[in-house]
Amino acid sequence: MPLDERQREYLRLMGIQVWVPRLHIPFGAVENPNHFTPMPDDLHESVDTVDVPVPGTASTCPLNWEDLEARVAGCTACPLHQGRTQTVFGVGTREAEWMVIGEAPGEQEDLQGEPFVGRAGQLLNEMIRAVGLKREAVYIANVIKCRPPKNRDPAPEEAAACEGYLKGQLALVKPKIILAVGRIAAQNLLKTATPIGKLRGQVHYYEHIPLVVTYHPAYLLRSQLEKRRAWEDLKLAMRTFRQQNS
Ligand code: SF4
């Protein structure tokens, strides 16, 4: 299906000129970006509780959404809890087919308690709209739930301490595809030190869920040229999603 005018407008807002070749992707939810169609119940069974690792132990604990969110809100499992204003759990529909996973809260996210706000958040919204969805139709979370001081990279042990919460969110959402935005998210999810430039352009899997890597919108704001590559990533994600669900 060719890009419609609305998608072209979103691409323009992303900073991508409408030189982009037309796609032929009958991507279900793309047809009308204002209408998100959840998966039928028989294809997307809801999960009430998931086993979430208890930080610092080898055990797990069955949690539902509310318990998991409360567990995160009170977590002191790594030193990052000392500098946070609040934890940043996640936002969006809990039955989403697409899950966007970023790095860690920045200053504004820490203050507002929501991932991807501010200019980077607006660009992420445009990226999501470019694939035919609205921000509310996906689930957005970070690998790390507390803001690292001065926005430094999270330490491996901090990422390890927080990993169970994201695993819990993934198990509850059961997305059909993951979009990993930014180096930290991609490397932590894929357990690799490979540079993001080499992780892009191919389909990875996170516990059997297809995962596509793209640049973090904060980086794209500083690097206009890479927006074209980001659009290639989004097209790969759309193709992958379609193939998974055809
Ligand atoms: Fe707990 Fe994660 Fe915050 Fe560390 S970053 S204190 S593991 S919620």
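Position 1 is the first residue of the sequence, and the numbers go up from there. Just so you know, ligand 1 is whichever comes first in the structure, and atom 1 is the first atom listed for that ligand.
- The pair Lys174-Glu97 does not count as a salt bridge, with every side-chain nitrogen at least 4.0 angstrom from each carboxylate oxygen.
- We find that Glu103 and Arg152 are not joined by a salt bridge, their nearest charged nitrogen and carboxylate oxygen being 4.0 Å or further apart.
- Those atoms of ligand 1 with a heavy atom of Arg84 less than 4.0 angstrom away are 3 (Fe), 6 (S).
- Residue contact check for ligand 1: Thr87 places no non-hydrogen atom closer than 4.0 Å to it.
- Taking a cut-off of under 4.0 Å to the non-hydrogen atoms of His81, the atoms of ligand 1 that pass are 6 (S).
- Near Ile144, meaning under 4.0 Å from any of its heavy atoms, are these atoms of ligand 1: 5 (S).
- Close approach to Cys162 involves these atoms of ligand 1, each under 4.0 Å from a residue heavy atom: 2 (Fe), 5 (S), 7 (S), 8 (S).
- Between Trp231 and Tyr215, the distance separating the two ring centers is not shorter than 6.0 angstrom.
- Applying the 4.0 Å criterion to heavy atoms of Ala161 picks out, from ligand 1, the atoms 7 (S).
- At most 12 non-hydrogen atoms from other residues, nucleotides or ligands lie less than 6.0 angstrom from CZ of Arg229.
- How far CD of Gln86 is from CD of Glu109: 11.0 Å, rounded to the nearest 0.5 Å.
- Taking backbone and side chain together, Cys78 holds no N, O or S atom under 2.8 Å from atom 3 (Fe) of ligand 1.
- For ligand 1, the atoms sitting less than 4.0 Å from at least one non-hydrogen atom of Lys145 are 8 (S), numbered in the order shown with element in parentheses.
- Between Lys191 and Glu163 a salt bridge is recorded (basic side-chain N to carboxylate O distance below 4.0 Å).
- Between Lys227 and Glu232, none of the side-chain N atoms (NZ, or NE/NH1/NH2) sits under 4.0 Å from a carboxylate O, so this pair counts as no salt bridge.
- Of the listed options Gly74, Cys75, Ala73, Cys75 places a heavy atom closest to atom 8 (S) of ligand 1.
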